[in-house]
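Residue numbers start from 1 in every chain, and the chains themselves are labelled A, B, ... in the order their sequence lines are given, proteins ahead of strands.
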Amino acid sequence: MPAHPPRLETRPVSVHPPRRRAADALVTSRFSPPKHIHYSVGIDTESSTAVSPHPAGPAWAAGTAADLNRLHERINGWFSETARDLPWREPACSPWGILVSEIMLQQTPVVRVLPVWHEWLKRWPTPAALAGEPAGEAVRAWGRLGYPRRALRLHAAAAAITQDHSGKVPDTYPELLALPGVGGYTAAAVASFAYGRRETVVDTNIRRVHARLISGTALPAPALTAAEMRLAASLLPADDASSVRWNAAVMELGALVCTARAPKCAACPVNDLCAWRAAGEPPPSYVPKGQAWHGTDRQVRGAVVAVLRQAETPVPPDMFFHEPADLGFAPTGIGVPLAALHRLNSAPEQLERALTGLLADGLAEMHDGGYRLPA
DNA sequence: GAAGCGTGGAC
DNA sequence: TGTCCAAGCTT
């Protein structure tokens, strides 16, 4: 059955912008609302599940324009007072800086990204600068952020931007989506935050806020659904500037207040409107399965990449399969990650799988009979 | 659609 | 200590 867009009822509503404090200058300047906002409120009239309240939810969720405006006012006001002064939110931050931040922030906490992001932008202030160096340098500079394939893809994205976009980060969703390592979330986030476009940004924070506030559930579904996208789109303010601010504000609310564990409902600007609270905070309907770590191939891969990051010359296979002490390595330099690798006591087959996988993924290559990061 | 992919802080 | 989880993407 062909998909078709839901019918939308729209009507303009004017709202006053929240008061602005001097301390929020950095944040509010990038996410500055217009003097008079005219929301064109979209209500999904065909897919009632998208915006319908939890049966026990408060009256606001009837989905009227006034209700939606209340949400916008409250959450935007909270954002003005509470938003963190992150460097990629500064008006002077380039689209490249924002793209780099979005890739680094995938599955990775802000506090760990900050120092690496600063070093990265200092060393490679433009996509062309990064594209001009070997991919292995990107993996090295990635440090211990995790998921080093992201570094590889960011390097590939820089090359694509340099070759196909004259060195300028593209400003439309489809062009961004075509870049390596850029999926639906990141494409929408860069188009919104770097270029001020009206895009429906949906990340894990926003999904969780919507799940609780609107749907009345403790957690969103295991995977992003079409209904969630429709809901997010229906909540998005109509004009570009307001939509950008709303995207950032809801994400920040999920990151700081509406957290996965122990949400700080007392500090929430919309706690009286929350369907999940009104329903008595029912527990999640499913238990998310945590990722195993100890003893896994992933753990071995990580330890091997740590060795390659430290190595200045190709690493012979023997060094992975034998005790570093037996090979005469002091517990310094490359001896440190080697010792860590051997403490894992992984089976030779597991080590073999890790090395083979790294070669297949382009995170390692053979040179002079040894393994090294891609040159 | 499910599985695979890193890392370290918080509780 | 072990478990959970963080601005996802790719195959």
Whole-Å [atom1] distance, [N] and [M]:
N	M	atom1	answer
B/dG1	C/dG8	C1'	16 Å
C/dA7	B/dG4	P	24 Å
C/dC9	B/dG9	C1'	24 Å

Protein heavy-atom contacts under 4.0 Å, written 5' to 3' over nucleotides 4-11 of chain C as B (base), S (sugar-phosphate only) or - (none), form the string BSBBBSS-
For A/Leu363 and A/Ala223, find the nucleotide of DNA chain B closest to each by heavy atoms; which residue's nucleotide sits nearer the 5' end? A/Ala223
Which other residues belong to the hydrophobic cluster containing A/Met229, where Ile, Leu, Val, Met, Phe, Trp and Tyr are joined when side-chain heavy atoms lie under 4.5 Å apart, directly or via other members? A/Val202, A/Leu224
Show which side-chain atoms of residues 297-313 of chain A pair as donor or acceptor with protein atoms under 3.5 Å away, not counting sequence neighbours.
| residue | atom | partner | partner atom | Å |
| --- | --- | --- | --- | --- |
| A/Asp297 | OD1 | A/Gln350 | NE2 | 3.0 |
| A/Asp297 | OD1 | A/Arg353 | NH2 | 3.0 |
| A/Asp297 | OD2 | A/Arg353 | NE | 2.7 |
| A/Asp297 | OD2 | A/Arg353 | NH2 | 3.4 |
| A/Arg298 | NH1 | A/Tyr147 | OH | 3.3 |
| A/Arg298 | NH2 | A/Gln291 | OE1 | 3.0 |
| A/Gln299 | OE1 | A/Gly295 | N | 2.8 |
| A/Arg301 | NH1 | A/Asp361 | OD2 | 3.0 |
| A/Arg301 | NH2 | A/Asp361 | OD2 | 3.0 |
| A/Arg309 | NH1 | A/Gly143 | O | 3.0 |

Between [N] ([atom2]) and [X] ([atom1]): distance, integer Å:
X	N	atom1	atom2	result
A/Ile103	B/dG6	CD1	C1'	16 Å
A/Leu358	B/dG6	CG	C1'	12 Å
A/Arg298	B/dG8	CZ	C1'	14 Å
A/Tyr286	B/dA2	OH	P	12 Å
A/Trp293	B/dG4	CH2	P	14 Å
A/Asp297	B/dT7	CG	P	14 Å

Can you confirm if the aromatic rings of A/Trp124 and A/Trp96 lie within a centre distance of less than 6.0 Å? no
Which residues share a salt bridge (charged side-chain N to carboxylate O under 4.0 Å, His left out) with A/Arg197, sequence neighbours left out: A/Asp171
Applying a 4.0 Å non-hydrogen cut-off, can you work out what A/Leu145 is touching in the nucleic acid: base, sugar-phosphate, or nothing? base
Kindly state each residue pair satisfying ring pair (Phe, Tyr, Trp, His ring centres under 6.0 Å) with at least one member in residues 167-186 of chain A, sequence neighbours excluded. none
Residues pairing under ring pair (Phe, Tyr, Trp, His ring centres under 6.0 Å) where one sits in residues 196-226 of chain A, two or more places apart or in two chains, turn out to be none
Can a side-chain donor-acceptor contact be found between A/Thr82 and A/Glu252 if the only test is distance below 3.5 angstrom? no
